[in-house]
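Below: the structure, in structure tokens.
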Amino acid sequence: MNTQFRLLYIILTHLIFIYKIFLKVLLAIFIISLLFVSCRKEKEKEEPAPSDNLALDSIITTKRTIVVWEEIYITAYTRGKNLSIKWSANHGSLLGTDSSTVKYWGCNSCIGLNTIECKVSNEYGTVSDTIMIQVYQQK
Amino acid sequence: MRFYIFITFTCLICFSVFNAAGQCCSAGNPMGGDDSYDGLNKNNLRIYTFYKNSLSKDYYHFEKKYDIPYVQKSYYDYGNLSLTYGLFSRLSLHTELGYFIDKAQEVNINKENEKIKAKGLGDLGLNIRYVVIKTVKPISQLVFSAGIKAPIGSFKEEIDGVTIPLSLQPSSGAFKYNASTFYFRKRNDRKFGWNSFIHYEISQTIEQGYLIYRYGNYFQFALAGIYTISKNFNFIANTKLEWREKDTRELGIKIESTGSRVIFFNPQLMYSFKSKWAIIIMSDIPMYKYVNGYQLTNKFSIQAGLRTNFSFCKSVQ
């Protein structure tokens, strides 16, 4: 009987020992992963912010509400080098005046709230923004 | 003499510009063709190519001309090639593809003249035609057909980085499905014959970026009288009614200034030579138009084409 208890005691002692080692390993993994994540964040911080090389800060228009055939100018304020600027409208006509400014007007079939999108891209990627123009029927 | 008749009719068709309205410039292919919607015999091939010029100038409000000084004119020059092949004795396949040499609009806003212009491939049309009734005496044919138009052409045309408006894009940007019925009848001993054509087309919704757009359903009914002037000359006086429903944009909002009902007079002159070849000249002259809201309307269009037939049947000796 004593022998059996001793055997059980030895087994339990070993199990507790293994469990302690397991906990220490888990703790070590947790600390290493924390360090790894924090190191990665440090590395990300070292990279330059995207806006330094490519940014579309704002789209400005002379008027947000117009009547049919009224012409307005829309300008995109951008940062970066070798920029390619693309303009599109879901309804209405656009005509480029220079690379960052376009003329916009709407015909009778363009009445409504229309979306004008500007996409700016270079070797760092593409950024885009929109502006909404309301076109009303001329009285 | 026949040559002079041909020239006279050609001039009449070309220059008969009435003070009426028609269909404005719109995205995708124009409804063209040689008004031959018939089925072909087995192993027969028909090739037809045409050039079309269309000018839109006047603004209309409902039935009346409305003075809007901003749009000066809108026009296109379009080339098309179509092939029709008799797959079986009653079943034919038809395909067509066109190219816009230019599709342009000239506007005057704030006293500045601007021109927006595009060019490129239009939509690819595919049709299957089934001859339901075919008789020899009198010559008659009843054809049912169904088809699809695929927007394989240019739909992202731009000028200096600026995408041009939807109505000036060479391709419609949407799949369109159509069904039509064509009936032709002519007695062998008579110079007169007639045909009728009914066509219905529905469009899928375009969903590209911020553009959500659906063209209104389109219906056409045409009734034509055919007069054989001589062995080689045929004159066709065709009248077309075109009914287009309003287009819709996002959230199913109907666009007020779209959709129309137009009646066209469509005279055609056909000169056949060397048994397999034909020159076809026609014009679309709008006689009556009712437009929803305010729309730019068509002044006239003219079309000239060349058609030929080939037979791949083995000749019996």
Side-chain angles (χ1 to χ4, degrees), chain A residues 56 59 62-63 66-76 78 82-122 126 128-139, chain B residues 24-27 59-61 66 68-71 74 105 107-117 155-169 206-213 215-216 246-251 253-260 291-296:
Chain A
L56 172 54
I59 302 175
T62 45
K63 272 175 108 176
I66 57 172
V67 293
V68 167
W69 300 116
E70 187 178 354
E71 189 183 72
I72 51 167
Y73 288 85
I74 304 169
T75 305
T78 56
N82 304 320
L83 296 177
S84 162
I85 304 175
K86 304 266 184 192
W87 292 90
S88 64
N90 64 347
H91 297 277
S93 299
L94 290 167
L95 204 66
T97 54
D98 59 56
S99 61
S100 58
T101 303
V102 287
K103 283 182 198 174
Y104 175 81
W105 70 91
C107 62
N108 288 282
S109 59
C110 310
I111 291 166
L113 189 60
N114 302 329
T115 308
I116 289 91
E117 187 184 29
C118 178
K119 275 186 185 176
V120 184
S121 50
N122 64 6
T126 303
S128 68
D129 201 358
T130 59
I131 190 165
M132 309 289 279
I133 306 288
Q134 178 75 49
V135 180
Y136 285 107
Q137 177 68 56
Q138 204 166 20
K139 287 179 183 174
Chain B
C24 164
C25 241
S26 62
Y59 248 87
Y60 267 64
H61 176 47
Y66 189 83
I68 291 181
Y70 306 107
V71 174
S74 184
Q105 193 169 68
V107 291
N108 185 311
I109 297 174
N110 286 347
K111 293 175 183 173
E112 284 179 54
N113 287 326
E114 309 284 4
K115 187 176 178 182
I116 306 172
K117 194 176 172 182
F155 190 64
K156 287 279 177 188
E157 283 292 297
E158 54 181 53
I159 301 169
D160 301 330
V162 177
T163 306
I164 64 165
L166 176 74
S167 62
L168 290 173
Q169 293 289 348
I206 306 166
E207 289 183 22
Q208 288 193 10
Y210 294 95
L211 177 67
I212 297 166
Y213 199 90
Y215 300 105
K246 285 179 184 173
D247 298 350
T248 49
R249 52 187 287 176
E250 65 277 3
L251 305 170
I253 300 165
K254 284 198 186 294
I255 301 171
E256 207 49 49
S257 289
T258 55
S260 58
V291 299
N292 299 318
Y294 301 83
Q295 288 183 50
L296 182 65

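So that the names make sense, note that chain A is the first sequence line, chain B the second, and so on, each numbered from 1.
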Atom pairs and distances, side-chain donor-acceptor, residues 99-110 of chain A, under 3.5 Å, sequence neighbours left out:
from, atom 1, to, atom 2, distance (Å)
A/Ser100, OG, A/Asp98, OD1, 3.2
A/Thr101, OG1, A/Thr75, OG1, 3.2
A/Lys103, NZ, B/Glu112, OE1, 2.9
A/Lys103, NZ, B/Glu114, OE2, 2.4
A/Tyr104, OH, A/His91, O, 2.8
A/Tyr104, OH, A/Asn114, ND2, 3.0
A/Asn108, OD1, A/Gln137, NE2, 3.4

Might you work through the side chain to side chain contact (heavy atoms under 4.5 Å, CB included) test for B/Tyr210 and A/Thr130, ending with a clear yes or no? CA-CA 10 Å; B/Tyr210 294 95; A/Thr130 59; 3.3 Å; yes
Mind listing the closest non-hydrogen atom pair of A/Trp69 and B/Ile109 along with its distance?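 Scanning both residues, the minimum pair turns out to be O-CG2, 3.8 Å.
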Do you know which two heavy atoms are closest between A/Ile111 and B/Arg249, and how far apart they sit?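 Smallest heavy-atom distance, with atoms named: O-NH1, 3.1 Å.
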Region of [X] in contact with chain B, defined by heavy-atom distances below 4.5 Å:
X        : result
A/Glu70  : neither
A/Leu113 : backbone
A/Thr115 : side chain

Does a sphere of radius 6.0 Å around CG in B/Asp160 hold more than 12 heavy atoms from other residues, nucleotides or ligands, not counting ones at 6.0 Å or beyond?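 Result for CG/B/Asp160: open.
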Note, A/Asn90 side chain near B/Gln208 side chain (heavy atom, < 4.5 Å):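 Heavy-atom side-chain distance check fails, nothing below 4.5 Å.
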Residue of the set B/Val162, B/Ile159, B/Ile164 for which side-chain contact (heavy atoms from CB on, under 4.5 Å) holds with A/Leu94: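 Only one of B/Val162, B/Ile159, B/Ile164 forms a side-chain contact (heavy atoms from CB on, under 4.5 Å) with A/Leu94, namely B/Val162.
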